[in-house]
Amino acid sequence: MHIGVIGAGIVGLTSAYQLLRAGHAVTVIDAGRGPGLATSFANGGQLSYGYVSPLAAPGVLSQLPSLLFSRTGPLRIKPSFDPDFWRWSIEFVKHCNAQANASSTLRLLSLGLHSREVMQEFLARESVSFDYRPSGKLVVYRSAEKLAAAERSLELANGLGYAQRRVNAATCATLEPALGKIASELAGGIHTPGEGTGDCQSLCEELARLVDAHADGKLLYGHEVTGFDARGGAVQSIRTHMGDVAVDACVVANGLAAMPLLRKIGESVSLYPLKGYSLTYRDAPASARPQVSVTDADNKVVYASLGKHLRVAGMADLVGYDYRIAARRIQALRKLSAGLFPALGGAHAPLEWTGMRPATPHGRPILQRGHSLGNLWLNVGHGGLGFTLSMGAARVIADAIDGKRPAVDLAGFARLAA
Ligand SMILES: Cc1cc2nc3c(=O)[nH]c(=O)nc-3n(C[C@H](O)[C@H](O)[C@H](O)COP(=O)(O)OP(=O)(O)OC[C@H]3O[C@@H](n4cnc5c(N)ncnc54)[C@H](O)[C@@H]3O)c2cc1C
C-alpha cells in the first residue's frame, strides 16, 4: 500500500519508519521546512517509559485556586472563552479521580514498555546518533508525603516486571553526585534504571534520513495539508496547498493541528495545548551535567544531559495558543535550574524554547481508525510523552493497518468526542 503520513514530528516519522519496515510505500507530508521543528524540537529529552502517570489526578482539583493565580508554580491555567478549552477542561475534571488515573496509568505503562522494546530493537538495527543514553531516571522529592504517594504507582510498574525502587536521600546523592549539595533537603527518590534520554529533534532528523534513504520512502516539506478527497468511505488523496497526494491509506500524526484538520471531515478529537518551556545550556559545566536523568518532582522540572549540553524542561500552562515565551515562566525555570545545579551560574546563557504539548483530557494518546473513513488512522495527542511513546505507538498503528493484533490493546487509546 502507499500510505500518506501527515506530520514530520517524532510521531509521524516513527510511524513512517515502522510502515516502511512493514513493507509499505510511504510519503510523509509536513507544512514545515524540516523534521521535528514543532513540539518535537527541544523537549525534555526523557524516555520515561515507566513514569507515565497523567496530569489528570485526584490532587489537581484541590490545587485549582492556586493554579489560577500563580505566575511561578509548575502548572498554570488561564480560562478562555474558547469552547474547546471548556470541552477539554470538563473531560479533564471528569478524569481527576483515583480510578481514572490508575486506569490511564496502567494503559500508558503498557504502551510505554512496548515503546521501550521497539526502541531497543530500533537501536540494535540502525546506526543513529541522537545523544541517546540509557541513563536511568531519578525522581527526587522534598516532601515525604508526595514520595509515599509516588511509591504507590511504583507498584504498578513493578507489577508489570519493570524495576523501580524507592531510594533514600543519601542514595540519591550517590546515584547522582551533582545532587550532593541539596541531599539534606530531599526526602528521597524513585530510581528507574531502565529509562533513557536523548535529543528528540536529532532522532527526527535521523528518522527522516532513514525514510529518505529507503527506496519506498518520500518526504514532502513545505506542504500544508488542507483536507482530504474522501469518497466511498475512504481517503482517496490528501489535499495540500501544493497539490493532491493519492494514497491507499493515511496516518494523521500532525500533533495539535490534527483537531482542526479532522474537523473538516467530521472526525472529532479533543486536544488542547499544554504549553511548556525548555532551556538548553550548551557546553554546560561537567558538574551541572547529571549522569542519570533527574526529575525535580515538587517543581515538575526534568534535567537531561544531551552530549555536552544540559536540557531543562518544565511548566504546564493551559493558556491557549499563545506561542510567546513568557519572561516570568522562563525566569522561574532558570532559577530552579540554578538552585539544583549551582555550577550553572558560570554557564553561557541558555537557549530558550516554548512548545505546545498536544494533550488529551485523559492523558492517553489517540491510536485508532477513523470513524467514517476506513483507511484513515489517528496517531495523535501524545501530550507530554510523545518522545517516550512514539516508537510503540508507531508499531501498534502499523500492526493495526496490516490487520495484525497490536501488542497493546487499542481499546484503551480511543478518543473522547470533542
Ligand atoms: C516543554 C516540553 C517538554 C517535553 N518533554 C518531553 C519529554 O521529556 N519526553 C517525552 O516523551 N515527551 C516530552 N514532551 C512531549 C513531546 O515533545 C510531544 O508529545 C511530541 O513532540 C509530539 O510530537 P508530534 O509528532 O505529535 O507533534 P509535533 O512535533 O508538533 O509534529 C507535528 C508536525 O505536524 C506538522 N503539521 C501540523 N499541521 C500540519 C498540516 N496541516 N499539514 C502538514 N503538516 C502539518 C508540523 O509542521 C509538525 O512538524 C515535551 C513537550 C514539551 C512542550
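Taking the six-membered ring where the residue is Trp, Tyr272 and Trp88 present tilted rings, their angle falling between 30° and 60°.
Taking OG of Ser202 as the start and CG of Asp131 as the end, the distance is 6.0 Å to the nearest 0.5 Å. Atom OG1 of Thr192 sits about 7.5 Å away from atom CG of Leu154, to the nearest 0.5 Å. Rounded to the nearest 0.5 Å, atoms CD1 (Ile90) and OG (Ser270) are 10.0 Å apart. The CZ atom of Arg311 sits 11.0 Å away from the OG1 atom of Thr197 when rounded to the nearest 0.5 Å. To the nearest 0.5 Å, atom CH2 of residue Trp377 and atom CG of residue Leu19 are 11.0 Å apart. Between atom CZ of residue Arg369 and atom CD1 of residue Ile397 there is a gap of 10.0 Å, rounded to the nearest 0.5 Å.
In this structure the side chain of Val251 reaches within 4.5 angstrom of the side chain of Ile3, judged on heavy atoms. Annotation: side chain of Asp244 is not in contact with side chain of Phe228 (no heavy-atom distance under 4.5 Å). Ile190 is listed as a side-chain neighbour of Tyr141, based on a closest heavy-atom distance under 4.5 Å. Leu179 is listed as a side-chain neighbour of Leu340, based on a closest heavy-atom distance under 4.5 Å. Between Met391 and Tyr17 the shortest side-chain heavy-atom distance does not fall below 4.5 Å. A heavy-atom distance below 4.5 Å is found between the side chains of Tyr303 and Val301. In this structure, the side chains of Leu318 and Phe85 come closer than 4.5 Å at one or more pairs of heavy atoms. Residues Leu310 and Thr280 are not in side-chain contact: their nearest non-hydrogen atoms beyond the backbone lie 4.5 Å or more apart.
Of the possible polar contacts, none joining the Arg357 side chain to the Leu256 backbone as a donor-acceptor pair under 3.5 Å is found. Not a single donor-acceptor pair under 3.5 Å links the side chain of Asn254 to the backbone N or O of Ile6. Judged purely by atom type and a 3.5 angstrom limit, Asp409 uses its side chain to pair as donor or acceptor with the backbone of Ala411. A donor-acceptor distance shorter than 3.5 angstrom exists from the side chain of Lys264 to the backbone of Thr226, with no hydrogens or angles considered. Looking only at distances, a side-chain donor or acceptor of Thr14 sits under 3.5 Å from a matching main-chain atom of Ile10. Counting only distance, with no hydrogens or angles, the side chain of Asn158 and the backbone of Gln164 share a donor-acceptor pair below 3.5 Å. At distances below 3.5 Å, at least one donor-acceptor pair connects side-chain atoms of Thr360 with backbone N or O atoms of Gly363. Here the side chain of Glu176 pairs a donor or acceptor atom with the backbone of Val292 at under 3.5 angstrom. The main-chain N or O of Gly50 is found under 3.5 Å from a side-chain atom of Glu195 such that the two form a donor-acceptor pair. Listed for the Thr354 side chain is no donor-acceptor partner under 3.5 Å among the backbone atoms of Tyr277.
Checked for salt-bridge contact, Asp84 and Arg263 meet the test: a charged N lies under 4.0 Å from a carboxylate O. Asp317 has no carboxylate O lying under 4.0 Å from a charged side-chain N of Lys78, or vice versa, which leaves the two without a salt bridge. A salt bridge between Glu117 and Arg395 is absent, with no side-chain N of the basic residue lying under 4.0 Å from a carboxylate O of the acidic one.
When each of His2, Arg239, His223 is checked for a side-chain contact (heavy atoms from CB on, under 4.5 Å) with Val245, only His2 meets the rule.
Legend: residues meeting salt bridge (Lys or Arg N to Asp or Glu O under 4.0 Å) with Glu224, ordered by chain and number and at least two apart, are absent. The ring pair (Phe, Tyr, Trp, His ring centres under 6.0 Å) search around Tyr162 returns none, not counting sequence neighbours.
Within a 6.0 Å radius of NE2 in His241, other residues, nucleotides and ligands contribute more than 12 heavy atoms.
Thr295 and Lys137 share a donor-acceptor pair across their side chains, judged by distance under 3.5 Å alone. The closest side-chain donor-acceptor pair between His309 and Asp199, if any, does not fall under 3.5 angstrom. Side chain to side chain, Gln46 and Ser293 meet the donor-acceptor criterion of an N or O pair below 3.5 Å.
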Check step by step if salt bridge (Lys or Arg N to Asp or Glu O under 4.0 Å) holds for Asp212 and Arg209.
-> CA-CA 5 Å; Asp212 201 31; Arg209 177 179 61 77; over 6 Å; no
